[in-house]
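Report on one structure; see the data block that follows.
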There are 2 protein chains.
Amino acid sequence: MDIKTLCLGVLSFGPASGYEIKKQVERIFGPFFDASFGSIYPALNALTREGAVSCTAQAQDKRPDKKVYSLTESGRLKLVADLAATSARDRFRSEFLVAMLFAELLPPSRVSRLIDERLTIYRRELGEIAANQRPDAPAAERFIQGFGETVYRAAIGYLEENRHLVEGQALLSKQNQAAE
Amino acid sequence: MDIKTLCLGVLSFGPASGYEIKKQVERIFGPFFDASFGSIYPALNALTREGAVSCTAQAQDKRPDKKVYSLTESGRLKLVADLAATSARDRFRSEFLVAMLFAELLPPSRVSRLIDERLTIYRRELGEIAANQRPDAPAAERFIQGFGETVYRAAIGYLEENRHLVEGQALLSKQNQAAE
DNA sequence: TTATCCATGTAAGAAGTTACATGATTGA
DNA sequence: TCAATCATGTAACTTCTTACATGGATAA
């Protein structure tokens with residue numbers, strides 16, 4: 001499951017260009033999942049070579065042709081097979097969490113600032129998800145967005161209630177000579 | 001912030017071998033963050049070349065020498081600088097969520113099975129976190145593990161309460177001919 | 001006797017990002 | 001006037017994973 005599968009999936013909603021696929025992914029998954037043009041365009045070209053999508057170029061004045069892709073029958077079968085094969089674990093990487101593990105090495109004010117910044121980021125991302133929610137959206141889309149909302153809310157609540165665990169540390173630490 | 005920073009950080013707790021670093025990362029971050037030997041060993045070699053760590057080989061009978069790494073002063077400074085520079089967004093990739101977005105294309109029984117499997121995985125990972133928690137652990141470690149616990153719990157709760165949003169879909173869908 | 005732990009390392013490859021190249025149009 | 005939107009694409013690079021190579025000791 002990769003960008004190619006994601007493209008096939010979005011195309012199952014209807015024909016779209018690479019540009020439009022990226023916008024749809026942004027709207028649906030919001031801040032917690034994204035795909036760059038640098039991965040989408042090569043993916044669409046590969047899928048075309050494989051016969052999973054077909055492409056129609058639409059001439060536009062003063063712009064590159066808009067290439068609209070459609071799922072072929074073979075692509076639809078490949079998509080269903082890919083989806084059913086889902087088994088990989090979720091991947092989560094957070095530089096912030098790693099930094100928190102070593103909070104003792106930073107001055108307390110720095111730790112507080114990092115947490116404040118992270119809360120701001122999470123709240124903004126929560127806002128983005130809310131802004132993209134439409135009551136008339138398909139249930140699957142609402143399901144995804146609700147998941148993101150729930151997880152972000154949980155993360156924000158946890159940081160607010162437990163930040164003292166890392167903020168207090170440097171004061172008590174013997175290795176506190178590292179302060180800026 | 002990458003595997004190199006993570007190695008430096010773990011070494012700030014005391015000298016350790018590559019093998020031991022991996023075990024510590026597993027214990028602290030549990031299932032939601034891991035680093036393979038294939039990334040740790042090269043990272044330690046690079047850090048040695050850079051002078052950020054020093055290495056003492058301990059001969060062992062019938063085994064490769066155990067190479068114990070220690071943070072140098074230069075490495076400690078590099079670590080603090082890396083930690084303070086934290087700014088990258090958290091990265092989260094979930095093949096499961098992508099599959100859920102296209103749940104309509106799968107037979108309902110398949111969707112239910114995928115959700116059940118995911119719940120089993122999340123519950124097991126929650127159990128792993130709990131198993132690694134020690135009341136006497138440093139606050140930072142408890143903070144990380146509490147974060148993981150909170151987020152997993154939120155995810156499990158959400159799936160349990162909202163799975164009907166995607167499980168019912170295929171029945172209502174017109175594109176349901178895709179069923180196995 | 002079979003799996004897991006200990007212990008390090010390399011090579012090949014997967015998968016994606018970032019930066020660059022190009023450039024008109026539209027709204028603030 | 002400045003940023004954002006539309007529109008595609010390539011090349012270089014980063015970063016990490018997976019599989020392989022090696023192999024004794026120990027616990028179930």
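Throughout, protein chains are lettered first and strands after them, A, B, ... in sequence-line order, and every chain is numbered starting at 1.
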Considering just the side-chain nitrogens and oxygens of A:Ser39, establish if one lies under 4.0 Å of OP1 or OP2 belonging to C:dA15.
no
Return the value, rounded to whole Å, for the distance between atom CD1 of B:Ile40 and atom C1' of C:dC6.
15 Å
5' precedence on DNA chain C between B:Tyr41 and B:Arg93 (nearest-nucleotide basis)
B:Tyr41
Side chain of A:Gln24, backbone of A:Ile21: donor and acceptor closer than 3.5 Å?
no
Heavy-atom nearest nucleotide on DNA chain C taken for B:Gly38 and for B:Lys23; more 5' hit belongs to B:Lys23
Using a strict threshold of under 4.0 Å (side-chain N to carboxylate O), is an ion pair present between A:Arg91 and B:Glu95?
no
Atom CZ of A:Phe33 and atom C1' of C:dT17 are separated, to the nearest Å, by 14 Å
Looking only at D:dT8, D:dT17, C:dT18, the nucleotide nearest the A:Ser36 side chain is C:dT18
Please state how far atom CD1 in A:Ile3 lies from atom P in C:dA15, giving the value in whole angstrom units.
10 Å
Of all the choices, C:dT10, C:dT8, C:dG9, which nucleotide is nearest to the side chain of B:Tyr19 once you look at every atom?
C:dT8
For atom CG of A:Asp2 and atom C1' of D:dT17, their distance in whole Å
15 Å
Nearest whole Å is fine: how far is C:dT4 C1' from B:Lys22 NZ?
13 Å
Quickly work out the B:Arg49 CZ to C:dG9 P distance and round it to whole Å.
11 Å
Side chain to side chain donor-acceptor pair (under 3.5 Å) partner of A:Gln133, the single match among A:Glu141, A:Glu149, A:Glu128:
A:Glu149
When the distance from CG of A:Leu47 to C1' of C:dA15 is rounded to whole Å, what number comes out?
15 Å
Do the side-chain N or O atoms of A:Lys67 get closer than 4.0 angstrom to the phosphate oxygens (OP1, OP2) of D:dT8?
no
Taking CZ from B:Phe37 and P from D:dT17, how many angstroms apart are they, rounded to a whole number?
12 Å
Is the ring centre of A:Phe147 less than 6.0 Å from the ring centre of A:Phe32?
no
With a 3.5 Å cut-off and no angle check, do the side chains of A:Thr5 and A:Asp2 form a donor-acceptor pair?
yes
